[in-house]
Amino acid sequence: MLRLQSNFRYLSLAYPVHDWVAGKGVLPNVAADRPILLRLAPDRSGSEISIARDLLSPARFAFESSLARGRTFVAATRLATLQDSAFDGQEAIASLIDEGAIADVILHAKP
């Protein structure tokens, strides 16, 4: 099992409110054509703390949000391949490692 950073959040939005900035314009009132799948995480690339908003594919969202809910790598990969049969779990894990998203690895999880 892989534990992701506890400060990562996964959102599925019906309305594109992620593009709205407080105090600028009006909130969107038209639903998106399909759910907007986001990962929110601290952005440590600059000198100021901010939130990174990453749009994810349905397969990547299924994979990462499953891991965040405590599912095993195998279960998360199976859920992702239901969204996209070409999903590569090993590539996704490599990307999560590069992004500093993995907080812990549990080698022998209890069933």
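Here, residue 1 is the first one in the sequence, and each next residue gets the next number.
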### Message
Ignoring hydrogens, what is the shortest heavy-atom contact between Ala62 and Gln83? Give both atom names and the distance.
### Response
CB-CG, 4.2 Å
### Residues in ring pair (Phe, Tyr, Trp, His ring centres under 6.0 Å) contact with Tyr10, at least two apart in sequence or another chain
none
### Summary
When rounded to the nearest 0.5 Å, the distance separating CD of Glu99 from CD of Glu64 is 6.5 Å
## Note on the structure
Correct closest heavy-atom pair for Phe73 and Gly89 would be CE1-O, 3.7 Å
### Transitive ILVMFWY side-chain link Val74 to Leu79, under 4.5 Å
no
### Query
Shared ILVMFWY cluster between Leu82 and Leu37, side chains joined below 4.5 angstrom?
no
#### Entry: Short side-chain to backbone donor-acceptor contact, Arg9 and Ser6, under 3.5 Å
yes
### Query
Quick one: does Leu4's side chain get under 4.5 Å of Ile102's, heavy atoms only?
yes
### Message
Tell me whether Arg69 at atom CZ has more than 12 heavy atoms from other residues, nucleotides or ligands lying less than 6.0 Å away.
### Response
yes
#### Entry: Separation of Phe61 CZ from Leu11 CG (nearest 0.5 Å)
7.0 Å
### Query
Same hydrophobic cluster for Leu56 and Ile93, using side-chain heavy-atom links shorter than 4.5 Å among ILVMFWY?
yes
### Task
Give a yes or no on whether the backbone of Glu91 and the side-chain of Ser95 come within a donor-acceptor separation of less than 3.5 Å.
no
### Task
Find the distance between OG (Ser66) and CZ (Arg78) and round it off to the nearest 0.5 Å.
12.5 Å
### Message
Within the structure provided, determine whether Leu96 and Arg60 are in side-chain contact (heavy-atom separation under 4.5 Å).
### Response
yes
